There are 2 protein chains.
Amino acid sequence: MVGIDDVARAAGVSTATVSRALSGRGPVSTATRERVLVAAEELGYVVSAAASSLATGRARAVGVVVPFLDRWFFSTVLAGISDALVREGYDITLYSVSGDPVERHRVFDDHLRRRRIDAVITIALELDAEESASLRGLGVPIVAIAGPNPLLTTLTVDDLAVGRLATDHLLALGHRHLVHIGADAATAAGSTVPGLRRRGFVEQLAAAGITDAVVEPADFTIEGGSAAATRALTAANPPTALFAASDEMAIGAILAARELGLRVPEDVSIVGVDGHELGRWFSLTTVDQFARGQGGRAAEAVLAALDGAEPGRGLGTLPFELVDRGSTAAMAR
Amino acid sequence: MVGIDDVARAAGVSTATVSRALSGRGPVSTATRERVLVAAEELGYVVSAAASSLATGRARAVGVVVPFLDRWFFSTVLAGISDALVREGYDITLYSVSGDPVERHRVFDDHLRRRRIDAVITIALELDAEESASLRGLGVPIVAIAGPNPLLTTLTVDDLAVGRLATDHLLALGHRHLVHIGADAATAAGSTVPGLRRRGFVEQLAAAGITDAVVEPADFTIEGGSAAATRALTAANPPTALFAASDEMAIGAILAARELGLRVPEDVSIVGVDGHELGRWFSLTTVDQFARGQGGRAAEAVLAALDGAEPGRGLGTLPFELVDRGSTAAMAR
DNA sequence: CTGTTAGCGCATTCAA
DNA sequence: TTGAATGCGCTAACAG
C-alpha cells in the first residue's frame, strides 16, 4: 500500500507538507500543493483512516443506530442519511440493535465506544437511562430522529400533532365512531412515537366531546394492522373510520376490510401515517412525514455539530402533511 | 477517555499484558487475565479501533456496498449480514452507491481505500472493469452476493435456474402464451441477475417449443411492473400468464390486472421472484430466494475468509424454492 | 508468563 | 512556506 512518504518522495517534499497539502490544513504554496496533488493522484494514495484518526482524533465516520433495518421507514431514513453524509466524505458505520439486552449492551458499551465515529444518529430508538448515558458518555454529537428523547438532541416530528391531524381529518368528515390502531395502553404513557400518536387521537376526540376513545393495539406491521382492524370491524358496534399509526398497519387494515367485504372508503375510512411508497397503490390517505428528508436533515445537523455549531436540544421539528389519496370519505348517513 | 495504560496501572501489569489478556493473543496466566479483565471492566475500557487497527492491520469492520438502501431486497439482505457480523464483534461500514459516476468513483477509489475495513460484501452490484479492479486492489476478501461476477468470489442463486423454474411452473399449468416482465434486450446479454432470469425464461420456452418469447422490460419497481403488465395485458393477443423477475414487479402486475378487471389467477396467472414479505397479502406465487439468509451466508463466508480459509471462486450457490400461494392456476380451457 | 522496546501511518507542534 | 521531530494508543517481537 502506498503511504504518505511515497507521495512525499514523489513530490520532493516532506510528509508534513503532503499532509498539509492534502488535508488543506496549514499553509502550502500553490505550486507545492499542485505537485503533491499530482503525485498523490498518480500513486493512488488514500490516507489511512486508522492513522489519520489516531493522529487527529477525528474518524470521518458517523455511527447510525437503528432498531430495524428491514422496515420501510428505517431503510428510507438511512438512505437519506447516507446520501447526505457520503457527499461530505463521511463513512457510515451501521449498528442494528434488536431487543436482546445482551446484544444491545454489546453495541452500546463496546462497538460504539471504539472511537471509530465522530457522531451518532439514532433512528426511533427507545433507550433506557443506561443506554442514554452510555451514548452521552461518548462525548460526540448525537442526533436522535423520531421520538422526543429528553436526554438527547432530537430531530422529530410533533407526533402529538400528527395524531391530532389524522383524527381531525376523520372528524371533519363526520365520523364519530373511530378506532385507533397503534400503541397499547402501557406505551401510551411514555413519550414514544406510538404513544404520542395515540394521545393525539385521544385528545382530539375528547376535544370533540367523544370520551370513549377505542384503541386496538398492534405492532406496526401489515399483519398486526390487519388483525387489529379485523377485531375492530367485527366488533358489536363497528367504527366507521380507522386511524392507523403507520402506513404498514393502515395497509393491513385496508386488506382486512376488503377481506370482510367492506369497501374503503364507502364503508370504512382509513388513514395512516408515514408516506410509505406503497400507499399510492392502495389509495391510502396518510400523514406523510417525509422519511428520506428526515435522514437528510439529521445528517446535516450532525455535520453542523461537527463543524463546531453547538446545537441546543430539540434541534428542530420536522414537517408532516396530510396527503388525501382517497381511503377516507365523508361518513355515509 | 480511559486508555490501556490506565488498565495496566489498575491491574498492576504492563500494557503489553493488558493487550494480551484482552485480545486473547499470547500467553497470560489465568490469574493475571482475571485481574486485567476486572480492571478493564471497572474502568469501562474499550480498545481504540484506530490504534488497534494501526498496530495490527485489522480493523474489525466489514464494508457492505449496495446500490439501493430503500428497496426490500437490499435492506433485507443487509439485515441478515448485520445479524451475523455483530455477533462476531465486527462493525459494518455501509456504502451506498448510486449510478452517478462521480459518486461511484469517490466510493470505490477513496472511501473503500481508507483501510477501514477487513473485507467487502457487495449486494447485486453491477461493476465495470475498473471498479472490479479497484475492489480487488483492496487486497481484502470480497464476497459478491447476487449476480455471478467473474472477477469476484460470488455467492449467488442460480438465476438461470430460477427463470426456468418459474417458467416451468407456468408451462406445467398449461400456459402457452407467456410474457416475462424484467430485463430489456440489452441487459439480457450480460450475466446480470435480471439478464439470467430472462434467459431462463426464454430457454425454457424454447425447450417447450415456444420460440416467440415476449418480454416487457421494466425497472423492478411496483410501478414498472404495473406499467409493463398493463402493456402486455392490453395487447392484441394478451398472455394468460406473466412471469415477473421480482416480487415488486409481480405485485405491480397483480394491481394492474385488477385495474383492468382481470381476475388473478382465473384470467391471468402471475409468478414473481424474491419472497417479498408483502407477497402473502397478494397471494403471490413466487420463487423465494431467502434474502435474509443470503446476508447471513455472505457474512459467514467473509468471516471464514478472514479466519484464513482461502475460498475459491463461486463460493456457493444459494437455495431457492417455488412457493405456491395461489396467484397461478391451470389455464382455463 | 511477563515487561521493554519499537513501530503502525499520519498530523502537528516548533524552528528554521 | 517548509522540514524535523514527537506522539496519537495500541500490538508484536524480543528478552528475560
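Proteins get letters first, then strands, A, B, ... in listed order; numbering begins at 1 in each. Everything quoted here is computed from the prediction, not taken from an experiment.
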Asks: For B:R9 and C:dT2, give me the distance from atom CZ to atom C1', rounded to whole Å.
Replies: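 In whole Å, C:dT2 C1' lies 18 Å from B:R9 CZ.
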Asks: Check every strand shown and say whether A:R20 touches a base, only sugar-phosphate, or nothing at a heavy-atom separation below 4.0 Å.
Replies: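 The residue A:R20 makes base contact.
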Asks: Please check the phosphate of C:dC10 (OP1 and OP2 only) for any side-chain N or O of A:S48 closer than 4.0 Å.
Replies: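 Negative; the distance criterion is not met.
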Asks: Identify which nucleotide among D:dT2, C:dG3, D:dC10 has an atom closest to any side-chain atom of A:T17, counting heavy atoms from C-beta outward.
Replies: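 The answer is D:dT2, which lies nearest to the side chain.
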Asks: Atom CZ of A:R116 and atom C1' of D:dG9: how far apart are they, to the nearest Å?
Replies: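 Answer to the nearest Å: 14 Å.
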Asks: Specify the separation, in whole Å, of atom CZ of A:R113 and atom P of D:dG9.
Replies: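 My rounded result for the distance is 16 Å.
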Asks: Determine: side-chain N/O of B:S29 to OP1/OP2 of C:dC1, distance under 4.0 Å, yes or no.
Replies: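 Negative; the distance criterion is not met.
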Asks: From the options C:dT4, D:dT2, C:dT12, select the nucleotide whose nearest atom is closest to the side chain of A:R25.
Replies: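 Given the options C:dT4, D:dT2, C:dT12, the side chain of A:R25 is closest to C:dT12.
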Asks: Any side-chain to backbone donor/acceptor pair from B:D109 onto B:R106? Under 3.5 Å, distance only.
Replies: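 No: the side chain of B:D109 does not pair with the backbone of B:R106.
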Asks: Rounded to the Å, how far apart are B:L54 CG and D:dA12 P?
Replies: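 Spelled out: CG on B:L54 to P on D:dA12 is 12 Å.
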Asks: Which heavy-atom pair separates B:P67 from B:I123 by the least distance, and what is that distance?
Replies: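 Heavy atoms only, the tightest pair is CD-O, 3.1 Å.
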Asks: Find the bend of the helix from C:dC1-D:dG16 to C:dA16-D:dT1 as the angle between its two terminal axes (five pairs each), to the nearest 10°.
Replies: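 Here the helix ends are tilted 30° relative to one another.
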Asks: So, is the end of the B:R71 side chain (NZ or CZ) under 6.0 Å from the ring centre of B:F68 and within 45° of the ring's axis?
Replies: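 Verdict for B:F68: a cation-pi partner in B:R71.
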Asks: Counting any heavy atom closer than 4.0 Å, what does B:T32 reach on the DNA or RNA strands: base, sugar-phosphate only, or nothing?
Replies: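 The answer is sugar-phosphate, as B:T32 gets under 4.0 Å only of primed atoms, P, OP1 or OP2.
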Asks: Looking only at non-hydrogen atoms, find the nearest pair between B:T76 and B:W72 and report the distance.
Replies: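 For B:T76 versus B:W72, the nearest heavy atoms are OG1-O, 2.7 Å.
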Asks: Check the phosphate of C:dA11 against A:S19, side-chain N and O only, distance under 4.0 Å to OP1 or OP2. Yes or no?
Replies: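 Checking A:S19 against C:dA11: at least one side-chain N or O falls below 4.0 Å of OP1 or OP2.
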Asks: Would you tell me if any nitrogen or oxygen in the side chain of A:S52 comes within less than 4.0 Å of OP1 or OP2 on C:dA11?
Replies: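 A:S52 to C:dA11 OP1/OP2: side-chain N or O found under 4.0 Å.
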Asks: Could you state the CZ-C1' distance from A:R60 to C:dC10, rounded to the nearest angstrom?
Replies: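 After rounding, the reported distance stands at 15 Å.
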Asks: Show the nearest heavy-atom pair for residues A:Y90 and A:A61, with the distance to one decimal.
Replies: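 So the two residues come closest at CD2-N, 3.5 Å.
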Asks: Indicate, with a heavy-atom threshold strictly under 4.0 Å, whether B:V13 touches base, sugar-phosphate, or nothing.
Replies: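 Sugar-phosphate contact only - B:V13 comes under 4.0 Å of backbone atoms but never of a base.
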Asks: Any base atoms under 4.0 Å from B:R114, or only sugar-phosphate, or nothing? Heavy atoms, all strands.
Replies: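 The answer is nothing, as B:R114 stays clear of every strand by at least 4.0 Å.
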Asks: Using a heavy-atom cut-off of under 4.0 Å over every strand shown, decide if A:R58 touches base, sugar-phosphate, or nothing.
Replies: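 Sugar-phosphate contact only.
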Asks: Which of the following nucleotides, C:dT12, D:dC10, D:dT2, is nearest to the side chain of A:V28?
Replies: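 Among the listed nucleotides, the one closest to the side chain of A:V28 is D:dT2.
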Asks: So which nucleotide from C:dC1, D:dC8, D:dA4 ends up closest to the side chain of B:P27?
Replies: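 In terms of side-chain proximity for B:P27, the closest of C:dC1, D:dC8, D:dA4 is C:dC1.
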Asks: Quick check on DNA chain C: between B:R35 and B:A55, whose nearest nucleotide comes earlier from the 5' end?
Replies: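 On the 5' side of the pair lies B:R35.
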Asks: Checking A:T17 side chain against A:V13 main chain: does a donor-acceptor pair fall under 3.5 Å?
Replies: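 Such a contact is absent between A:T17 side chain and A:V13 backbone.
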Asks: Does B:S53 have a side-chain nitrogen or oxygen under 4.0 Å from the phosphate oxygens OP1 or OP2 of D:dC10?
Replies: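 No, because none of the side-chain N or O atoms of B:S53 sits under 4.0 Å from OP1 or OP2 of D:dC10.
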Asks: Using modelled atom types and a 3.5 Å cut-off, is there a donor and acceptor pairing between side-chain atoms of B:E103 and backbone atoms of B:D100?
Replies: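 No.
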Asks: If I compare all heavy atoms of B:V2 with all of B:Y45, which pair ends up nearest, and what's the gap?
Replies: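 Reported closest heavy-atom pair: O-CD1, 3.4 Å.
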Asks: Which whole-number value in Å describes the distance from A:D5 CG to C:dA11 P?
Replies: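 Between P of C:dA11 and CG of A:D5: 12 Å.
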Asks: Tell me the interatomic distance from B:I4, atom CD1, to D:dG9, atom P, rounded to whole angstroms.
Replies: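 To the nearest whole Å, that distance equals 12 Å.
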Asks: By nearest heavy atom, map B:T15 and A:V47 onto DNA chain C; which one lands nearer the 5' end?
Replies: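 The answer here is B:T15.
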